[in-house]
There are 2 protein chains.
Amino acid sequence: MRQAGSRRTLHDIAREAQVSPATVSRVLNGRLDSRIASATRDRVLRIAERLGYEPNRIAQALVTGRTHMVGVVVPYRWYPFATDVMDCVQQRLEPLGWGMVVEGTEGDREWFLHGVRRLEGQVDGILTVDRCDLVQALVDDPPGFGKPVVSVGSDCYRGVDHVSIELGRGAADAVSHLIEQGCRRIVYVVPQISAHPHEARRLAYESTMAAAGLEPELVVFPKGTRRGAREAFLAHAAERRRLPDGLFCCNDVTALGVYRALRDLGVRIPEDVALVGCDGTDETQYVDRPISTIVMPVAQMCEQGIGFLQRRIDQPDLPLQGAELTASLCIRESSRRQVGDS
Amino acid sequence: MRQAGSRRTLHDIAREAQVSPATVSRVLNGRLDSRIASATRDRVLRIAERLGYEPNRIAQALVTGRTHMVGVVVPYRWYPFATDVMDCVQQRLEPLGWGMVVEGTEGDREWFLHGVRRLEGQVDGILTVDRCDLVQALVDDPPGFGKPVVSVGSDCYRGVDHVSIELGRGAADAVSHLIEQGCRRIVYVVPQISAHPHEARRLAYESTMAAAGLEPELVVFPKGTRRGAREAFLAHAAERRRLPDGLFCCNDVTALGVYRALRDLGVRIPEDVALVGCDGTDETQYVDRPISTIVMPVAQMCEQGIGFLQRRIDQPDLPLQGAELTASLCIRESSRRQVGDS
DNA sequence: CTGAAAGCGCTTACAG
DNA sequence: CTGAAAGCGCTTACAG
């Protein structure tokens, strides 16, 4: 048995097969441009097999400039939504023999830029979810970014290849739905980090409320965790004399935190307060009153995004690639008051 | 502005600073063994800074044999428990400037061996969670594994550096607790993949039941997802005339699926059926009746594991390192029937 | 069809 | 204190 840690190299095979390393390389890479005697080919292949040869990817990367790795950048690595994205990307990459390395933005600009730059040298391209502002800064500010970037999500940057998720329609549907269910004091609950005035969910919320002659009200809270949302909502409830009767949450993590807060308060869902989240993550289906949510088309998003990335890597001069997908409302018990309502 | 994609190299700095690449390398690496004129040092540093030089990690890796990456292998990448592990590891690695690449076993032996071998060339060592059998096969069967391996979890392999989580105590406590709450028909619910006869939770369950003179009963189901657990439990309930009155679940994902199944059946928790999970993931706290669980000491496990790995990488000849940690029962509403019970 | 040579971007003995 | 040279393990024009 060979010594652990010392792997075979091209030269080992070359020596044993009595050919040059160049020939071994050509055989192993199946290069079609140079025909190789089938006797040579067979011999090399057999020996490589017997020696359990595995190419040194690092060396290959150094000379070819290709690492066969893609970087995936998500806002929060621990979000169930991010998990869904990682799984989908992984699934697309697997058959290609490519690897994946994940980086979390953690809501911090410098962290993002630093983390992504570190990735620059080790991946062939990156797929970033949301944070249009950061992606733009990354690619447009000097020194730019040396590898292909595909921006995906509801907050994607259209200056590069992108897969945009249209969230406005789903969000408007969510608010309309709450109104139809009889809600009048509908609050939008959003973590600080996602509370931009021009964000799609917020815009849809505000315009739908306005169209119905209702007063919009925001609960913005600092920490975008389940716990952060729970505590923030409890605090909000404590300082108001009256609770809202409808809640639209920026994402499912928030929705779950708020759900728990409502139970803490002994409030009935949806009878007293109706609740809608956003993302479509699995965990929303397992509470007592499954939570309505806007389902992101994660699989298609990743499939298209990775497809764009692959093509961009192979053909750097391709014209800008873009796609539009839609997220749609999925109504569940947490917001369904009347029987027979669709 | 420099061309995107073409990064500065050592030679760029060397040329501009009028020194050899060797000197630049020494300055940038702060090698203490060879003193360098501070004038030279300053000049090089200034120029490197101005040029925005970033070393090519691939090239460094090829020559030093160190990638400053660790591989993390988890049974299921999408388990919330895995997310917790990734976050903890990431946190330990960050200050060191190290990277992380994650691989999921997905319950498949060949997948595991193949995936981990692919990692071999690109990481300085790996941290694997559970799957003692696979880890053992990996390191003990020819051709072995060329990089340090630290095995962690309740099902770790002690033939390499390891951090073992003692689960038997917590599991026994869980079953005793259910018995104290008045449960008599207590079922252990476990996904196929974790249903080995000698697994700690199962052993503790069986012996605690036996000690109380109760009949053990297993529900083993094929797909270890929330949904898989839910459907399996519903099917199980449908073919029995009487439901169990206590459920001990192999992990929190299972517990959440079973929780949902119980709600589907209109069963009260914990009044009709008391429920305990295992892992200590966040999501168990957000359902209406927060789920009791055995809390894994994830943070300590990762801290110790990464510490062992670092030391092993620096000193390959170190004697075997090992640590033992304990997971303990956390009782919540899903299994607390009497008021005042601890 | 195959090989000798150069080179990817670094680091590290070895000299001086 | 600093440089010339070799080399990490590959791939790829360039010859033949």
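Residue numbering restarts at 1 for every chain, and letters A, B, ... go by the order of the sequence lines.
In this view, B:Arg311 satisfies the salt bridge (Lys or Arg N to Asp or Glu O under 4.0 Å) rule with no residue, not counting sequence neighbours.
Phosphate proximity of D:dC10 to A:Tyr53: present, with a side-chain N or O under 4.0 Å from OP1 or OP2. Considering only side-chain N and O atoms, B:Gln60 lies under 4.0 angstrom from the phosphate OP1 or OP2 of C:dT11.
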Show the distances under 3.5 angstrom between N or O atoms of the protein and N or O atoms of nucleotides 12-16 of chain C.
| residue | atom | partner | partner atom | Å |
| --- | --- | --- | --- | --- |
| C:dA13 | N6 | B:Arg26 | NH1 | 3.2 |

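Atom CD in A:Glu54 sits roughly 11 Å away from atom P in D:dC10 (whole-Å rounding). Rounding to whole angstrom units, CG of residue B:Asn56 and P of C:dG7 are separated by 18 Å. Atom pair B:His11:NE2 and D:dA5:C1' shows a separation of 12 Å (rounding to whole Å applied). Here the C1' atom of nucleotide C:dC8 and the CZ atom of B:Arg8 are 17 Å apart, to the nearest Å. At whole-Å resolution of the value, CZ in A:Arg57 and C1' in D:dC10 are 13 Å apart. Atom pair B:Ile58:CD1 and C:dG7:C1' shows a separation of 16 Å (rounding to whole Å applied). For the pair A:Leu28 CG and D:dC10 P, the computed distance is 9 Å after rounding to whole Å. Here C:dT2 presents its P atom at 16 Å from CG of A:Leu10, a figure rounded to the nearest Å.
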Completion exercise
DNA chain D in dot-bracket form (Watson-Crick or G-U pairs under 3.5 Å, [ ] crossing, | inter-strand) is |||.||||||||.|||
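The aromatic rings of A:Trp78 and A:Tyr76 sit tilted relative to each other, their planes meeting at an angle between 30° and 60°.
Nearest heavy-atom pair across B:Ile313 and B:Gly125 is CD1-N, 4.4 Å.
Side-chain atoms of A:Thr67 and A:Arg57 form no donor-acceptor pair, as typed in the model, at a separation below 3.5 Å.
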